[in-house]
Protein chains: 2
Amino acid sequence: MSDPANPRPTLAGVAARAGVSASTASLVFSGAGPVAEATRTRVLEAAAALGYAGPDPTARSLRRGRTGVIGVVTEDRLGDAFRDPINLALLDGLGEELADEGFGLLVLPWAPDSGVDLSAVPMDAAILLGCSADLAHSVEVLQRRRLPLVAIEAPPLAGVVAIDLDNADATRRGAELLRELGHRRVALVTLPLDLGRTRAPLTPAREQEATAFTAMERIRGARAVFPDAGGVSAGGSTVAEGYLAGRALLDVPPADRPTAIVAQSDLLAAGVIRAAEELGIAVPAELSVLGFDGVRLDGITPYALTTLVQPAVEKGRAAGRAVREALAGRTPVPVSFASELRAGTTAAPPPTF
Amino acid sequence: MSDPANPRPTLAGVAARAGVSASTASLVFSGAGPVAEATRTRVLEAAAALGYAGPDPTARSLRRGRTGVIGVVTEDRLGDAFRDPINLALLDGLGEELADEGFGLLVLPWAPDSGVDLSAVPMDAAILLGCSADLAHSVEVLQRRRLPLVAIEAPPLAGVVAIDLDNADATRRGAELLRELGHRRVALVTLPLDLGRTRAPLTPAREQEATAFTAMERIRGARAVFPDAGGVSAGGSTVAEGYLAGRALLDVPPADRPTAIVAQSDLLAAGVIRAAEELGIAVPAELSVLGFDGVRLDGITPYALTTLVQPAVEKGRAAGRAVREALAGRTPVPVSFASELRAGTTAAPPPTF
DNA sequence: ATCCCGGATCGAATCGATTCGATCGAATCG
DNA sequence: CGATTCGATCGAATCGATTCGATCCGGGAT
């Protein structure tokens, strides 16, 4: 890589060879300021001759105080973060507003003990994606660095621009639909409650200690309608986890079985449905299933899921825009998005006894 | 953001306040070199008092010549790149070797006219992911920057470490299975042939101009067994695209219909199967379908796909390792992976007339 | 002929750290 | 007791650009 005989050319070298000062050469590459056509050509020729690839991004970043990199902090493993289509939609939105504008997106799978040290990552701003309360410490570090911070569905944090979703209210409306249909025994399948991602029945103690904001908000919404609803927490937002949760809730004597399940993501809902099918429980005749997200399940389940459709791409765009606003020195306004209940074919009145 | 009355603290400021030189303060944060316990404490206290978040990553990068960022260049839109589970598996592998080691992954959705200027992105190395020949120019830019380059399944490029897959040979083995089963009329559903992602029948002209390496290699492998095989190119690796391709190939008079379809990804295969189901064509009795990748389809299709399983996570790990080798000053060895034919339930002898 | 203006260029300061070699005092060794 | 060594600290150079203010020069206005 590093060849002593042939060091990497620098702006200074190019300038020397072109017979101009470094400042003038800089102007040629940055485009700022007037440069005579002849000079410009001479500099570019010198650059070509030396194999100069343009100003060093790192040096430029230091001087300009901008790296062009936006961090996206998630609490999942790298691949898992994008395994749920809802996050892909969000990424699409971010891409439109940031990647297309020349910003690079730096994915930072954060964990309490992971190798990533958020204080040492070169970036201009950070987007916190589905982050739990555990991240609070890291938020402080980032704030000390004076980085603009945008959080997507996080507990309110001072100085962090919030991009929110009506998680509680939307779930409440979904639950109300179920109640109006006549359901009384409803169970929840929640997203992971904390970084441990424990797959286990909900208990007051576990809910007390939960750190995942979105999961708790959605639980809150469901309880507004069904105060006593129990359920289980899944180990992630996947069909497989939904299936496991479904088995746990449905493989019981029919009298104990819920007549409806409120799942906190469409993938979980799809897994629940699969569990029901396997146990010979008809959906929606014997079991209603409510999802969340409104992603295209694209054949993962033959049903049209009754679900709460959230504007995920919009959410991503809003986050991207907020970042750009902040970088432009303006104060971004927090945005709240609303989900819409989409009546599918997986909710119906409970079976009559 | 920038508060004139309260400028962001620097190492120099901390050092001054602690009554030591900047060099000593630097040692405290970098851990290199011996520092007396009392001094260390004093510096850390000063840092805390000033709200210093640690050495500025940009300045550190300039001085050290390392940013800790690895670019991952794809030719897809941000979200699309990760919509195919095969890439997620790859990401998992990359994550293990890079993210877990403290490197950040910078996703760069490259397109000829996109905002991303690869010459201006701060990074230590780049991984080229499923890149077509169109990227050649950008590769030059990156090489001028003397960045270590690792390409996953790309045409051989001088100075670029290749992580390869037996695309042609694997497809050939899959095709041979079909021939042994008795198939003679076989059609292909390929990945996009170029950046245009045109959805259209394969023609010699289009294949001539194709720039997508993997797609062409797999076509080559199929043609080794079925020299006259025609087919269509899809607009992406998705179930929806596979469905469209399937309709195009299958919605014809039975006599013209292929008895087997070689799809270049599992998602495409799943789409083909869906099209077949919809047209009342039984799989595998009336139509055999071969996939590629061996990803968990998790209920996207009820069949166990007959497919070529590629070690995707391993591929990612190898690429990550290659990057680390290169950054350590060693010369990474190119790696070639082999796919394995997995007999599923979607390939059978052709219908007898 | 004088004055002024603006385009082109340059010098020097700066961004915020890291690191090499030098210095200095105290402890160890023969 | 002098020489040596080691640990702790510091000064200065460096990484590679950007940018502000100053300078120089030719041409149009007066």
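Every chain is numbered from 1, with letters handed out A, B, ... down the list of sequences. FYI, side chains are in, hydrogens and waters are out, and symmetry mates aren't considered; it's all heavy atoms of this structure. As the structure is a computational prediction, the values presented were derived from the model and not from experiment.
With hydrogens and angles ignored, the 3.5 Å screen pairs no side-chain donor or acceptor of Ser26(B) with any backbone N or O of Ala22(B). Of the possible donor and acceptor atoms, one in the side chain of Asn87(A) sits under 3.5 Å from a partner among the backbone N and O of Ala81(A).
Within the 4.5 Å cutoff, no side-chain heavy atoms of Val323(B) are placed close to those of Arg321(B). Proximity of Ile70(A) to Leu327(A): side-chain heavy atoms (C-beta onward) are separated by under 4.5 Å at one or more points. A 4.5 Å side-chain heavy-atom check between Leu78(A) and Pro109(A) finds at least one atom pair inside the cut-off. Put simply, the side chain of Arg324(B) does not reach to within 4.5 Å of the side chain of Pro148(B), judged on heavy atoms.
Residues in residues 16-34 of chain A take part in no salt bridge (Lys or Arg N to Asp or Glu O under 4.0 Å) pair, two or more places apart or across chains. The list of ring-ring contact (aromatic ring centres under 6.0 Å, His included) pairs with a residue in residues 44-64 of chain A, not counting sequence neighbours, reads Phe29(A)-Tyr52(A). Here salt bridge (Lys or Arg N to Asp or Glu O under 4.0 Å) pairs that include residues 23-47 of chain A, with residues two or more places apart or in two chains, are Glu37(A)-Arg40(A). For the salt bridge (Lys or Arg N to Asp or Glu O under 4.0 Å) condition, the pairs that include at least one residue of residues 55-74 of chain A, sequence neighbours left out, are Arg8(A)-Asp56(A). The ring-ring contact (aromatic ring centres under 6.0 Å, His included) pairs that include a residue from residues 141-165 of chain B number zero, where partners must be two or more places apart or lie in different chains.
Phe103(B) is linked by a ring-ring contact (aromatic ring centres under 6.0 Å, His included) to nothing, counting only residues two or more places apart in sequence or in another chain.
Note on the helix from dA1(C)-dT30(D) to dG30(C)-dC1(D): angle between the axes of the first and last five pairs equals 40°, rounded to 10 degrees.
Listed by residue number, Leu62(A), Arg63(A) are the residues of residues 54-64 of chain A with a heavy-atom contact under 4.0 Å to DNA chain C. Looking at residues 32-53 of chain B, you'll see Pro34(B), Val35(B), Ala36(B), Thr39(B) sit with a heavy atom under 4.0 Å from some atom of DNA chain D. Contacts between residues 17-24 of chain B and DNA chain D, defined by a heavy-atom separation under 4.0 Å, are made by Gly19(B), Val20(B), Ser21(B), Ser23(B), Thr24(B).
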Original post:
Is there a side-chain contact (heavy atoms from CB on, under 4.5 Å) between Leu157(A) and Leu149(A) once you walk through the steps?
Top reply: CA-CA 10 Å; Leu157(A) 287 161; Leu149(A) 258 36; over 6 Å; no
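Of all nucleotides in DNA chain C having an atom under 4.0 Å from a heavy atom of chain A, the first and last in 5' to 3' order are dA8(C) to dG16(C).
Residue-level contact check: Ser26(B) touches the bases, meaning some heavy atom is under 4.0 Å from a base atom.
To the nearest 0.5 Å, atom CD of residue Glu325(B) and atom CD of residue Glu97(B) are 10.0 Å apart.
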List, one per line, each side-chain donor-acceptor pair under 3.5 Å for residues 115-130 of chain B, sequence neighbours excluded.
| from | atom 1 | to | atom 2 | distance (Å) |
| --- | --- | --- | --- | --- |
| Asp117(B) | OD1 | Ser119(B) | N | 2.9 |
| Asp117(B) | OD1 | Ser119(B) | OG | 3.0 |
| Asp117(B) | OD2 | Ser119(B) | OG | 3.2 |
| Asp124(B) | OD1 | Thr67(B) | N | 2.7 |
| Asp124(B) | OD1 | Thr67(B) | OG1 | 2.9 |
| Asp124(B) | OD2 | Thr67(B) | N | 3.1 |
| Asp124(B) | OD2 | Gly68(B) | N | 2.7 |

